[in-house]
2 protein chains.
Amino acid sequence: MSRPVRPRYGIREVAAAAGVSVGTVSNVLNNPDLVASETRERVEQAMRQVGFVRNGLAHQLRLGRSNTAAAMVLSIGNPFFTEAARGIEDRLAQADCMLILCSTDKDSGREARQLRSLEEQGVRGLIITPGHMQTEPLLALQRRGIPVVLLDCPSPTPELCSVSVDDVHGGELVATHLLSQGHRQILFLNGCREVYQCVARSRGVHRALQAEGLEPSRHLLEVSLTDVDDDDAERAVEQILGLPEWPTAIMCVNDVVALGVLRCLRKRGIKVPDDIAVVGYDDVSFAAELSTPLTTVRQPTYQLGYTAAALLLADADGATDHQRVVLQPELVVRDSA
Amino acid sequence: MSRPVRPRYGIREVAAAAGVSVGTVSNVLNNPDLVASETRERVEQAMRQVGFVRNGLAHQLRLGRSNTAAAMVLSIGNPFFTEAARGIEDRLAQADCMLILCSTDKDSGREARQLRSLEEQGVRGLIITPGHMQTEPLLALQRRGIPVVLLDCPSPTPELCSVSVDDVHGGELVATHLLSQGHRQILFLNGCREVYQCVARSRGVHRALQAEGLEPSRHLLEVSLTDVDDDDAERAVEQILGLPEWPTAIMCVNDVVALGVLRCLRKRGIKVPDDIAVVGYDDVSFAAELSTPLTTVRQPTYQLGYTAAALLLADADGATDHQRVVLQPELVVRDSA
DNA sequence: ATGAAAGCGCTAACAT
DNA sequence: ATGTTAGCGCTTTCAT
C-alpha cells in the first residue's frame, strides 16, 4: 500500500480529537441539526484545531455527484466567451457550484480529451460551444447522466438544451447594412464552416443578398480563417490585398478578427471606412474605442451565459423539458461602416 | 443506501463482460504490460462495448492525488490574465494536467471560498495572483501538501515559488517617460493598494519623481479604483474632470483601465495626447489599435504563465527549492503619450 | 498472468 | 443524540 501522497487530517482525526464517532462528525458537516449543539460545538472546535478540510473526492464519490460544472468554449482569448463565462459563473455560484472553464481552441482532439477528462472528474454538467456539428458525443454524455447545454448554438435535437443568439438574423443585419451603403464587393472573414455560428451568419448574408436580387458569387467572397484570432485575420487580409480587385467592405465573424483587420489596414495606410469598410461582431468592450469605432453586432452575452447555467442547473435537478432559448442580436452602427 | 445518482458502468461491469477480475481490468488501465496481450485485447473490447469511463473521483481518492491544477487570477475579463492562462494551460497539458481557471474579481471572501473548494477537490497545485498580501493561507495550503506558485507577484517568503515581472521598474519606465515629456501633473489610476503589483508600480513612479527632484504630493494624484475595469475607470475620470485642475497625463494600471479612460475622454471631446496623455500597462492585443494607439508597458505574459506552470509541476514532483523568477517589462511608446 | 481482498475518506442506513 | 458499519469505484498487495 503506497502512502497517501497528501496526508491530511480527516473526519477520523476530528472524531478522535472531539471524543465522538465519525458518524457524528459527518452529521455536523451534513446534518448539523441532528447533533446536540454542545457536541457540535466541540466537534467544530476540533475541526479548527486539526485544520480539517473535507476530502471532496471521497465526499463526491459517496454522493455520486459533484458540485462542479464545466464550460467549454471555442477560445478563452475572445472576450465574448469570457463575458459569457462571467454569466455562467454568477448563476452557478448561486447554487454553490464551481465552474471549470476550458477552451478547445479549435482542436477537436483536445475537445475530445477534455470531454473525457471532465466526465471522469464527474462534473455535474457541461455547457459547451461545440467546434463542430457532431452532437452524438454530447448526447452520449447526457445519456450517461451528465446534462449538456449548448452555448451560442441552437440545439439540433430536442434532447439537448441550448441558448443561442439568432445568428442568421445577425448576419443578415450586417449584410443588409453594407448593401444599403452601396457595397457590392464584400469579403466575409468567417470562421470554420464546422462551427454553427459561422454557417448561420453566412446564411444570413446570403439571404440579404438574395433580398436585393444580387448573385452571391459575384458580390461575396467568403474566407474561412483557421485560428480565428487577430493575427490570423491580419495574415488573411494581407493576402487578399495582394489580389487585383479589392473588396469595398470586410465583415468579420467577431470583433477580435476585426481588430486584426484594422491592424492590417492601418499598416498599409488604408483608410476605414473610406477605402474599405469593416464590420465586427459581438460588440466587445474595446469595439467602440478602436482607431475607427467599430460597427458591429451586439449580443446579450452575459445573459447568454447566465441563462445557459440556469438551464443546466434545472436539468441537473431533474427537469425533463429541454428548452431552446433564442436571443436577439442588434446592429450597432458606428464609424467603420 | 441511496442509489447512486449517476449509474455508470465501472470496472466491475467491464470485468464481468470480459470474464476477468476487476484487478485485471485495473491493470489494463494502469499497468498494461502486466496483462497478457490476448486478455488485454478482450478487456479493451469490453470497455468499448459497455462505454466505460473511468471514475476519476475514485481513481484519485485511491491515489491520493489528482491531475488537475488550478489558477486563480484577479479578473478573467482582463486579457492579460487569459494570455497568462494560455501559457499555464499549455505547460500543464504537457504533463497531462488539466487547468481549473478561477477569477476572484477582488472579492476576498470569494477567494477564500474558492481556495477551500479547490483544496477539497484535491487539486494538485495552485497558481495564484493574490488580491492581497496575506500569504499565510497560502503557506498553510502548501504545508497541507498543495504546492503554490505566485503569479505576477514576487514571493515575500522563500517558502513560496513565484514568477513576476519587475513592477517597480515598470512604473518607473512609465513615469520617467511622462516626466521627460514635460508632464508635471500626473494622475495614476491604480488598482487596490492591497495588490502587490499596484503598490510596486506606485513605488516605481515615486522613484522616478524623486530622480527628477520632484515632490510627489505636488505632481502626482493617485486614485485607487475598486473594480479596476473599463467602466470603473470611466467613472473615475469623469469625476476627476469635475475638479478645477486637470492632470496633463493619466497613467493606468492596465490597458483595460486605459480603455475606459479613452472612452471617457472621447465622449468629452478631449484630445489624446494633446489635451491629456494616456499610458496603459500590459500591451494587450487591442492596445495598438485604439483610437489613439496606446503607449504602454509590454510584459512577457504568456511566458509568465508558462513558467509558473513549470515551477508548479516541478514542485509537485518533489522539487524542494522555491524559485523566484523575475522577468523584465518593456516600455512601448506609441501615440497616446 | 490473474484473482481475492483490503482500504482510500466519506455518507447514511440502521442500531443503540 | 450518537455509534457502528457497509460501501461509493478504484488500486495494489499478496496469494495462487
Side-chain angles (χ1 to χ4, degrees), chain A residues 1-44 46-47 50-67 119-122 144-145, chain B residues 1-44 46-47 50-67 119-122 144-145:
Chain A
M1 185 70 53
S2 72
R3 195 91 56 73
V5 174
R6 191 148 44 75
R8 295 189 309 199
Y9 294 104
I11 54 170
R12 223 137 59 188
E13 284 70 24
V14 173
V20 298
S21 76
V22 292
T24 302
V25 176
S26 174
N27 275 333
V28 169
L29 246 32
N30 306 294
N31 307 82
D33 25 313
L34 291 185
V35 183
S37 61
E38 192 223 342
T39 318
R40 193 172 58 215
E41 198 89 338
R42 218 167 60 241
V43 171
E44 280 166 348
M47 285 181 173
V50 306
F52 173 76
V53 176
R54 175 212 248 138
N55 184 325
L57 262 37
H59 174 85
Q60 291 159 33
L61 174 60
R62 182 59 235 250
L63 257 57
R65 67 186 151 69
S66 87
N67 63 162
E119 183 174 5
E120 290 185 355
Q121 299 297 318
R144 280 183 245 118
Chain B
M1 185 70 49
S2 73
R3 195 91 57 73
V5 173
R6 188 152 43 77
R8 296 190 307 201
Y9 293 105
I11 54 170
R12 220 135 62 190
E13 285 71 22
V14 173
V20 298
S21 77
V22 292
T24 301
V25 177
S26 174
N27 276 333
V28 170
L29 247 31
N30 306 294
N31 308 83
D33 24 314
L34 290 185
V35 183
S37 60
E38 193 223 343
T39 318
R40 193 172 58 215
E41 199 89 338
R42 215 165 64 241
V43 171
E44 279 165 349
M47 286 182 172
V50 306
F52 172 76
V53 176
R54 173 212 249 138
N55 183 326
L57 263 38
H59 174 84
Q60 291 159 34
L61 175 60
R62 183 58 235 252
L63 258 55
R65 65 185 153 71
S66 86
N67 64 161
E119 184 174 3
E120 290 185 356
Q121 301 295 319
R144 277 182 248 119

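Naming: A, B, ... by sequence-line order, numbering from 1 per chain. Note that the structure is a prediction, hence the values are computed from the model and not measured.
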| Under-4.0 Å side-chain N/O to phosphate OP1/OP2 contact, A:Thr24 with D:dG3 | yes

| query | Would a 4.5 Å heavy-atom cut-off, applied to side chains only, mark A:Asn67 and A:Gln60 as touching? | reply | yes

| request: Output yes when at least one side-chain N/O atom of A:Thr39 is less than 4.0 Å from OP1 or OP2 of D:dT2, else no. | output: yes

| field | Nearest-nucleotide comparison on DNA chain D, the residue closer to the 5′ end among A:Asp33 and B:Arg54 | value | A:Asp33

| task | Indicate, with a heavy-atom threshold strictly under 4.0 Å, whether A:Gly10 touches base, sugar-phosphate, or nothing. | result | sugar-phosphate

| When the nearest nucleotide of DNA chain C is assigned to A:Ile11 and to B:Val22 on a heavy-atom basis, which residue is associated with the more 5' position? | B:Val22

| said: Could you tell me if the side chain of A:Val20 sits less than 4.5 Å from the side chain of A:Thr39, heavy atoms only? | reply: yes

| message | Rounded to whole Å, please give me the gap between CD in A:Glu38 and C1' in D:dT2. | response | 13 Å

| said: Under a 3.5 Å distance rule, please check whether A:Ser66 uses its side chain to pair with a backbone N or O of A:Gly122 as donor and acceptor. | reply: yes

| What is the distance from CG of A:Asn27 to P of C:dA13, rounded to the nearest Å? | 11 Å

| message | Distance check needed: D:dC10 C1' versus A:Gln121 CD, whole Å only. | response | 14 Å

| message | Is there a side-chain contact between A:His59 and the phosphate of C:dT11, meaning an N or O under 4.0 Å from OP1 or OP2? | response | yes

| Nearest to side-chain heavy atoms of B:Arg12, which nucleotide of D:dT11, C:dT2, D:dG9 | D:dG9

| C:dG9 phosphate, OP1 or OP2: any side-chain N/O from B:Arg62 under 4.0 angstrom? | no

| Can you check the B:Glu13 CD to D:dG9 C1' distance for me, whole Å? | 10 Å

| About how many Å separate CZ of B:Arg40 and CG of B:Leu34, when rounded to the nearest 0.5 Å? | 10.0 Å

| Side-chain (B:Arg42) to main-chain (B:Ala18) donor-acceptor, under 3.5 angstrom | yes

| query | To the nearest Å, how far apart are A:Asn31 CG and C:dA12 C1'? | reply | 9 Å

| query | Does A:Asn55 have a side-chain nitrogen or oxygen under 4.0 Å from the phosphate oxygens OP1 or OP2 of C:dC10? | reply | no

| Between A:Asn55 (side chain) and A:Ala58 (backbone), is there a donor-acceptor pair under 3.5 Å? | yes

| message | Rounding to an integer number of Å, can you tell me how far B:Arg65 CZ sits from D:dT11 P? | response | 11 Å

| task | Report yes if a side-chain nitrogen or oxygen of A:Arg40 is closer than 4.0 Å to either non-bridging phosphate oxygen (OP1 or OP2) of D:dA1; otherwise report no. | result | no

| field | Nucleotide of D:dC10, C:dG9, C:dG3 approaching A:Ala58 most closely (side-chain heavy atoms) | value | C:dG9

| field | Among C:dA12, D:dC10, C:dA4, the nucleotide that comes nearest once only the side chain of B:Phe52 is considered | value | D:dC10

| query | Roughly, in whole Å, what's the span from CD in A:Glu120 to P in D:dT11? | reply | 10 Å

| message | I want to verify a distance call: between C:dA12, D:dT2, C:dA1, whose nearest atom is closest to the A:Val35 side chain? | response | D:dT2

| task | Could you please name the option among C:dG9, C:dT11, C:dA1 that lies closest to any side-chain atom of A:Leu61? | result | C:dG9

| request: Whole angstrom is fine here: how far is it from CD in B:Glu41 over to P in C:dA1? | output: 16 Å

